[in-house]
Amino acid sequence: MEWLLTPGPVRLHPKALEALARPQLHHRTEPAREVFLKARDLLKKAFQTQGEVLVLTGSGTLAMEALVHNLFSPGERVLVPVYGKFSERFAEIAESAGLAVDRWELPYGEVPSPEGVARPGYRGLLLVHSETSTGALVDLPALAKAFKEANPEGLVGADMVTSLLVREVALEAWGVDAAASGSQKGLMCPPGLGFVALSPTALEALRPRGYYYDLSRELKAQGEGESAWTPAINLVGAVAAVLEEVVPRLPEHLALKAWQNGLLYQVGEELGLRPVPKVASPAVAAFYLPEGIPYRAVKEAFAQRGAVIAGGQGPLKGKIFRLSLMGHYQRYEAFGVAALFKEAFADILPTS
Ligand code: PLP
């Protein structure tokens, strides 16, 4: 079996595999309702919200789109700093929802500053917490605070797709009103579920929109442990099983993820590789390719050792490579990955 060193989908948690092997549940029965409510309850703990978390069948992008469409109306002004592929996607979603979008374009790898978002006249600010395409992490609490000082009625929406269960997140305490995430990253489950977390403020601000992703309709159905439509209930079972294991020991889990990603950067530094982000997210380690080395060669050196890695996206395509231990990796396995990384580069880099 190959080692997935990709930033999603990731190596599955054994509890997810176990849950996925169970017989099919019908989604409108009591055992399914129990699983659904358990997953939602644990997700609220993971997002640290007193509001609600809705589970949608679809990927993280659906959760981002549902968040934007159900919190903002066409014509409303939103500020979207663009500093990677997924913040770019947030801007595109907001544009397609008919919002008046002000993009603040930054070079890929950088992150927005609080001063830069302290601009009045906006209904919303959309931010990606962990910008997986560059490996950068933004200071969400500082940005939300600066934005809200300038826009007391404004709402902050965050993409927490690769920060949920990878790094601490806290909705209300951070001034974040709504967040989107997905099942195939820090949750160590297969792809197929999107999550929308709504703070009490966001719940009051909901404006029903769309059909499949009408969050008001979902709120009603999911309060009773069901979903308006047929949910991917098997995946909901996997999510509940993983969260049951991880949430009670979240601080240790987050410390392991931080240490593992730090180890990847440490090896990169030893090999003389230049990191892409200025402020690193623990979800992924991103490095520029050494001069004259094509991505294909790096990918191949890892593949020969049974590992799958990721390349660059957008303007970083062909310029960087990315490794991630966001999936289920024990501490000792991370040492194995570090050794593999060194060995692969011993092949790639010409000896001096
Ligand atoms: N946002 C971030 C930060 C991501 O890393 C990803 C996926 O890589 C997405 C959004 C999109 O999620 P999905 O591919 O599940 O739609």
Side-chain angles (χ1 to χ4, degrees), residues 4-12 16 43 47 53-69 80-94 96-97 106 108-112 125-140 143 156-167 169 176 178-197 212-213 231-232 235-236 238-239 257 261 276-277 279-286 308-314 316-317 320-327:
L4 282 185
L5 303 180
T6 44
V10 301
R11 195 176 190 208
L12 299 180
L43 280 166
F47 276 108
V53 179
L54 297 171
V55 177
L56 305 178
T57 294
S59 73
T61 306
L62 172 70
M64 293 166 81
E65 186 161 19
L67 181 159
V68 170
H69 280 249
V80 189
V82 174
Y83 42 98
K85 170 109 171 118
F86 298 105
S87 39
E88 170 114 45
R89 186 172 302 178
F90 237 168
E92 286 168 3
I93 290 171
S96 79
L106 291 147
Y108 272 39
E110 288 192 8
V111 289
L125 170 68
L126 298 175
L127 291 166
V128 175
H129 188 200
S130 162
E131 188 32 280
T132 328
S133 64
T134 67
L137 185 80
V138 309
D139 186 347
L140 264 188
L143 290 160
V156 176
D159 168 326
M160 294 183 173
V161 174
T162 56
S163 55
L164 185 70
L165 254 57
V166 184
R167 197 202 182 270
V169 300
V176 174
S181 196
S183 52
Q184 80 278 25
K185 311 279 186 178
L187 272 93
M188 301 168 276
C189 285
L193 293 179
F195 313 117
V196 185
Y212 189 82
Y213 58 64
L235 297 181
V236 179
V239 163
K257 292 293 120 185
N261 207 57
V276 177
V279 186
S281 156
V284 60
V308 186
I309 66 163
Q313 297 169 297
L316 292 178
K317 197 172 164 75
I320 70 165
F321 71 96
R322 295 174 299 149
L323 306 176
S324 171
L325 291 169
M326 192 162 35

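Remember, it's 1-based here, ligands and their atoms both numbered in the order they're listed. As the structure is a prediction and not an experimental result, all values here were calculated from the model.
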Asks: Apply ring-ring contact (aromatic ring centres under 6.0 Å, His included) to Tyr83 and list each qualifying residue two or more places apart in sequence or on a separate chain.
Replies: none
Asks: Are a donor atom and an acceptor atom from the side chains of Ser130 and Thr162 found within less than 3.5 Å of each other?
Replies: yes
Asks: Please collect all side chain to side chain donor-acceptor pair (under 3.5 Å) contacts where either partner lies in residues 178-188, sequence neighbours excluded, each pair once.
Replies: none
Asks: Report all protein residues having a heavy-atom distance below 4.0 Å to some atom of ligand 1; order the list by chain, then number.
Replies: Ser59, Gly60, Thr61, Met64, Phe86, Arg89, Val128, Ser130, Thr132, Asp159, Val161, Thr162, Gln184, Lys185
Asks: Are the side chains of Ser133 and Leu316 in contact, using a 4.5 Å heavy-atom criterion?
Replies: no
Asks: Who passes side-chain contact (heavy atoms from CB on, under 4.5 Å) against Val236, sequence neighbours left out?
Replies: Val35, Phe36, Ala39, Val55, Leu193, Ile233
Asks: Is it true that the side chains of Arg89 and Thr61 contain a donor and an acceptor less than 3.5 Å apart?
Replies: yes
